[in-house]
2 protein chains.
Amino acid sequence: MKLSKTSEYALRILIYMAKVPDQLYTAKQLVKELKVSDKYLRRLMTDLSKSGFIRSIQGRDGGYTFIKSPEDILLYDIIDSVEGMEKMNGCLLGFEKCSCTNPCAMHYLWVDIRTDLNKVFRETRLSDMDFNKILRY
Amino acid sequence: MKLSKTSEYALRILIYMAKVPDQLYTAKQLVKELKVSDKYLRRLMTDLSKSGFIRSIQGRDGGYTFIKSPEDILLYDIIDSVEGMEKMNGCLLGFEKCSCTNPCAMHYLWVDIRTDLNKVFRETRLSDMDFNKILRY
DNA sequence: TTATAATACTACCTATGAGTAGTATATATG
DNA sequence: CATATATACTACTCATAGGTAGTATTATAA
């Protein structure tokens, strides 16, 4: 009942970058600041590029920068692209056929929480972060 | 961002048993009703016995029955014994040192949700379930 | 055009959650 | 006491998330 490490990393990285969005960030710098293992971060950055949040610039003086404005990126989008948001929206007890018309014993309790959870992620933009708070490990 | 399958199974099983709490349930019967794989369910039942929710009766005419009243079992206790509840209560971004005095950029948003989440699990007893709802796969 | 400094890719390794197989142990009942 | 029918235990297998190593590719700038 927590985000995958990869989602944590993705959020850390993009929130960190969103503080000064127009800058170009090298993998080296992000690794140093955010303490994510080098190779794993690089692979994740490639994924985030393919997902359209950032773009990578190869070659000397390369790095990563936003291709989409942080104002247009929801936390939901990030988590969804990394680990899939459907996981979160299934039945708490794992019943395939659970729904409002055929609810499990936990259904309504769980739907309430789940709705709030989704709401937070769907309504929070990368630009809404409180950048005065800690952004590094 | 979901419960482990093992937690799902534990909840399914105990909620199912709580509908008629004084009965003795065999692994065979639970496997059939709840569609959890035989050997895995048996191992889980042993764990739940060791955790003090149920007790096992070996030998012919054996099975499992509650040793603790469903009224005294919180969903929190079950999940905690199976996968550990601390996991849920860490920083969303995975920062070790994140706290209210040294919050990350997501801290307060996350604390609110997390509190509600904990509340549901801490305040719901096994006896509070709506047993008219679906309890089997 | 060559050296340098960046990202991309392929193929592994490792730990863990989930599931399975086989055997040992317990006990009620004929 | 023997047998049938339960659970308990040990040790595997399998899939996947996370992490690592080495090499290839790209592009700037001297």
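Computed from heavy atoms alone, side chains included, the values below leave out hydrogens, waters and symmetry copies. No experiment lies behind these values; they were computed from the predicted model shown.
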Nucleotide [N], atom [atom2] - distance to [atom1] of [X] in whole Å:
X       : N      : atom1 : atom2 : value
A/Leu30 : C/dT7  : CG    : C1'   : 13 Å
B/Tyr25 : D/dT5  : OH    : P     : 22 Å
B/Leu24 : C/dT27 : CG    : P     : 14 Å
B/Asp38 : D/dA8  : CG    : P     : 13 Å

Indicate the atoms forming the closest heavy-atom contact of [X] with [Y], along with that distance.
X        : Y        : answer
A/Glu33  : A/Arg136 : OE1-NH1, 2.6 Å
B/Ala105 : A/Leu135 : CB-CD2, 3.7 Å
B/Cys100 : B/His107 : SG-NE2, 3.3 Å
A/Thr65  : A/Asp22  : OG1-O, 4.0 Å
A/Gly63  : A/Leu24  : C-CD1, 3.9 Å
A/Phe66  : A/Leu14  : CZ-O, 3.6 Å

Quiz item: Taking everything shown except A/Glu96 itself, do over 12 heavy atoms lie less than 6.0 Å from its CD?
Solution: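 12 or below, so no.
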Practice problem: Please list residues of residues 73-93 of chain A whose heavy atoms come under 4.0 Å from any atom in DNA chain D, ordered by number; otherwise none. | Solution: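 Residues of residues 73-93 of chain A that come under 4.0 Å of DNA chain D do not exist, since none gets that close.
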Self-check item: For DNA chain D, the residues among residues 39-58 of chain A that have a non-hydrogen atom under 4.0 Å from it
Solution: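 A/Lys39, A/Tyr40, A/Arg43, A/Gln58, in order of number.
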Quiz prompt | Check ion pair A/Arg43-A/Asp47 (N to O, under 4.0 angstrom) | solution =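 Judged by the 4.0 Å cut-off on N to carboxylate O distance, A/Arg43 and A/Asp47 do not form a salt bridge.
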Exercise. Report yes if the side chains of A/Ile15 and A/Leu126 come closer than 4.5 Å at any heavy-atom pair, otherwise no.
Key: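 Result yes, sub-4.5 Å side-chain heavy-atom pair found.
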Quiz item: Can you tell me if the side-chain N/O atoms of B/Tyr9 get under 4.0 Å from OP1 or OP2 in C/dG19?
Solution: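 Yes, within the criterion.
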Quiz item: Has B/Thr6 got a side-chain N or O lying under 4.0 Å from the OP1 or OP2 atom of C/dA18?
Solution: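 Yes, within the criterion.
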Using atom names, set out every protein N or O paired with an N or O of nucleotides 28-30 of chain D below 3.5 Å, distance rounded to 0.1 Å.
residue	atom	partner	partner atom	Å
D/dT28	O3'	A/Asp61	OD2	3.3

Quiz prompt | Main-chain N/O of B/Phe53 paired with B/Ser51 side-chain donor or acceptor, under 3.5 Å | solution =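 A pair under 3.5 Å: no.
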Quiz prompt | Spacing of A/Arg114 atom CZ and B/Ile113 atom CD1 [to the nearest 0.5 Å] | solution =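 Atom-to-atom, A/Arg114:CZ and B/Ile113:CD1 are 13.0 Å apart.
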